[in-house]
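Working notes, structure below.
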2 protein chains.
Amino acid sequence: MASTRDRLVIAALRLFAERGYQTTTIAEIGREAQANAGSVYFFFPTKQQILLAVLDRYHDGIEEMLLAPAWAGVGDPIERVFALLEHYRGLLVESGCAYGCPIGSLALELHEPDPVVREKLAANFEAWTRAIEACLGEARERLPQGLDRRDLSVFVLTTMEGAVMLARTSRSTAPFEAAVRALRDHFDRLLREASTQGGERR
Amino acid sequence: MASTRDRLVIAALRLFAERGYQTTTIAEIGREAQANAGSVYFFFPTKQQILLAVLDRYHDGIEEMLLAPAWAGVGDPIERVFALLEHYRGLLVESGCAYGCPIGSLALELHEPDPVVREKLAANFEAWTRAIEACLGEARERLPQGLDRRDLSVFVLTTMEGAVMLARTSRSTAPFEAAVRALRDHFDRLLREASTQGGERR
DNA sequence: GTCTATAACCCGATAGAC
DNA sequence: GTCTATCGGGTTATAGAC
C-alpha cells in the first residue's frame with residue numbers, strides 16, 4: 001500500500017476534481033485515504049498545502065497520467081493532437097458529461113488564489129501547451145512556413161478547455177464535438193496549404 | 001434609486017463575478033446593496049434563488065450589457081465577432097488580468113449544480129453562441145459554401161472561454177492574444193477560400 | 001418591508017494522549 | 001505517526017419585533 005502521504009494526495013486529487021476545492025473537506029480527504037482528519041495535519045499544515053501537492057502531482061504526472069494513455073498506439077504528431085482531444089471526449093462520455101478538466105476547474109473556482117497556487121496552475125497549462133507544441137514541431141514540415149506554432153498550441157488548449165466547459169454545462173458532447181470539428185477543419189486547411197506550397201523547406 | 005430587489009441582484013451579480021458564488025456571503029450581498037442580511041430573505045428564500053435571478057439577468061441583458069457596448073460602431077458582421085473578443089480583452093486589461101467570464105466561472109465552480117442552475121448556465125452559453133451565429137449568417141455569402149456555422153459559432157465561444165481562463169491564470173493577455181490570432185488566421189482562410197470560390201452562391 | 005438577534009450547523013486548525 | 005476531542009470562527013437560514 002502506498003504511503004499515507006501519497007494516499008492523501010491521491011484522495012485530494014480525486015475529490016478536488018470531482019467536487020471542487022472549497023467543497024471538499026479535510027475530513028473527507030482523510031476518510032477517502034483511510035486516515036483520520038487530524039492525521040492529515042501531520043503531513044500538511046494547511047489545506048492549501050494539499051492543493052499545492054495535488055498541482056505538483058498533475059504537473060509531474062502529465063506524461064504518465066495523461067499523454068501516455070491518450071497517445072497509446074498513435075505515432076503521427078498531428079493525430080496525437082486530436083488523440084489528446086479524443087481522450088478528453090472519452091472522459092466526458094465515461095462520466096456522463098460530468099467531467100471537467102481538473103486544472104481548468106480549479107483555475108476558475110479560485111478567484112483570488114495565492115500567487116504560489118496560481119503559478120502552479122499556470123505551470124500545468126504551460127506543460128500541456130508544450131506537449132502540443134512538441135507535436136507541431138515534429139510535424140513542422142507538413143505545416144505552412146511561418147506558422148506560429150506557439151499560437152496554435154495555445155489555441156488547441158483553449159479549444160479543449162472551452163469545449164469541456166460547454167459539454168459539462170450542457171451535459172452533452174455536442175459542443176465538444178462541434179469545437180473539435182472546427183479545429184480539425186483549421187488543421188486540414190493548414191496541412192493543405194503546406195502541401196501545395198511545395199519547393200524548398202527548411 | 002432602484003428597488004431593493006434590483007439592488008440585491010446587481011450586488012450579487014458583481015460579487016459572484018468578482019469573488020465567486022461560494023465565497024460570497026448573504027451578508028456581503030446585503031451590505032453591497034445597502035440592505036441587511038436578514039432582509040435578503042424577504043426577496044429570496046435561498047442563496048440559490050439569488051443565483052438564478054443573477055443568471056436570468058445576464059441572459060435578459062446580453063444585448064444591453066454585452067453586445068451593444070462591444071459592437072458600438074462596428075457594422076461588419078465578421079468584425080463583430082472579433083470586436084466581441086476584443087471587448088473581453090479590454091475587460092482583462094482593465095482588471096489587470098483578473099477578469100473571468102462570469103458564466104464560465106460559475107459553470108466550473110459549481111461541480112454538481114442543481115439542474116435548474118445548470119440549465120440557466122447553458123442558456124447563457126446558448127444565447128452567446130446564437131449572437132455569433134447570427135453574425136455568421138449575415139456574412140454567409142463571404143464564407144465557404146457548406147460551412148457549418150453552428151460549429152464555428154461554438155468554436156468562437158470555446159476560444160473566448162479558454163482564452164480568458166488562460167489569461168486570468170497566467171495574469172497575462174498573451175495567451176488570449178495568441179488564441180485570437182489563431183482564430184483570426186482561421187477566419188482569414190475561410191474568407192479567402194470563399195472569395196476564390198466565386199460563381200453562383202445562394 | 002426592514003431590522004436585530006440567534007439558532008443550528010459545519011469547517012479548518014490545534015492540543016495532547018498514546 | 002496516528003488518534004480523539006475540541007476550540008474558534010463563520011455561514012445559511014429562521015424568528016419575531018417594529
Side-chain angles (χ1 to χ4, degrees), chain A residues 1-57 105-106 109-118 120, chain B residues 1-57 105-106 109-118 120:
Chain A
M1 180 140 93
S3 73
T4 304
R5 203 198 118 99
D6 262 17
R7 294 203 314 278
L8 288 169
V9 173
I10 295 296
L13 184 145
R14 272 194 44 191
L15 287 166
F16 292 165
E18 284 171 19
R19 307 149 72 101
Y21 176 72
Q22 300 179 95
T23 308
T24 300
T25 68
I26 306 273
E28 277 176 319
I29 295 170
R31 198 180 318 137
E32 185 89 356
Q34 276 147 351
N36 277 301
S39 303
V40 176
Y41 285 91
F42 178 76
F43 297 97
F44 302 99
T46 64
K47 190 182 179 184
Q48 178 173 298
Q49 292 294 321
I50 309 178
L51 176 59
L52 294 176
V54 166
L55 292 175
D56 282 338
R57 181 65 60 106
S105 298
L106 288 166
E109 177 187 351
L110 306 171
H111 281 241
E112 284 162 6
D114 199 290
V116 63
V117 172
R118 194 178 54 67
K120 281 188 193 296
Chain B
M1 182 139 95
S3 73
T4 303
R5 202 197 118 100
D6 261 17
R7 294 202 315 277
L8 287 169
V9 173
I10 295 298
L13 184 145
R14 272 194 43 190
L15 287 166
F16 291 166
E18 285 171 18
R19 306 151 70 102
Y21 176 73
Q22 300 179 96
T23 307
T24 299
T25 69
I26 306 274
E28 278 176 319
I29 296 170
R31 197 180 319 136
E32 184 89 357
Q34 277 147 349
N36 277 304
S39 303
V40 175
Y41 286 92
F42 178 79
F43 296 97
F44 302 99
T46 65
K47 190 182 179 183
Q48 178 173 297
Q49 292 294 321
I50 310 178
L51 176 59
L52 294 175
V54 166
L55 292 175
D56 282 339
R57 181 64 61 105
S105 298
L106 287 167
E109 177 187 352
L110 306 171
H111 282 241
E112 283 160 7
D114 200 290
V116 63
V117 172
R118 195 178 54 67
K120 283 189 193 293

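The chains referred to below are lettered A, B, ... by the order of the sequence lines, with proteins before strands, and numbering in each begins at 1.
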Every protein N/O lying under 3.5 Å from an N/O of nucleotides 10-12 of chain D:
{"residue": "D/dT12", "atom": "OP1", "partner": "B/T24", "partner atom": "O", "Å": "3.4"}
{"residue": "D/dT12", "atom": "OP1", "partner": "B/K47", "partner atom": "NZ", "Å": "3.1"}
{"residue": "D/dT12", "atom": "OP2", "partner": "B/I26", "partner atom": "N", "Å": "3.2"}

N/O donor-acceptor pair under 3.5 Å between A/E109 side chain and A/Y21 backbone: yes
Close side-chain approach of B/E112 to A/T23, heavy-atom, < 4.5 Å: no
Atom CZ of B/R7 with >12 non-hydrogen neighbours under 6.0 angstrom: yes
Test: B/K120 and B/D114 ion pair at under 4.0 Å: no
Within 6.0 angstrom of B/R118 CZ, more than 12 heavy atoms from elsewhere: yes
Contact summary for B/Q34 and B/M1, nearest pair of heavy atoms: OE1-CE, 4.4 Å
Minimal non-hydrogen separation, A/A33 against A/L8, with atom names: CB-CD2, 3.6 Å
Atom of B/L106, atom of B/L51 and distance for their closest heavy-atom approach: CD1-CD1, 4.0 Å
Atom-to-atom span, CZ of A/F44 to P of C/dG12 - whole angstrom: 15 Å
Contact state string [nucleotides 2-8 of chain C, B base, S sugar-phosphate only, - no protein heavy atom under 4.0 Å]: BBB----
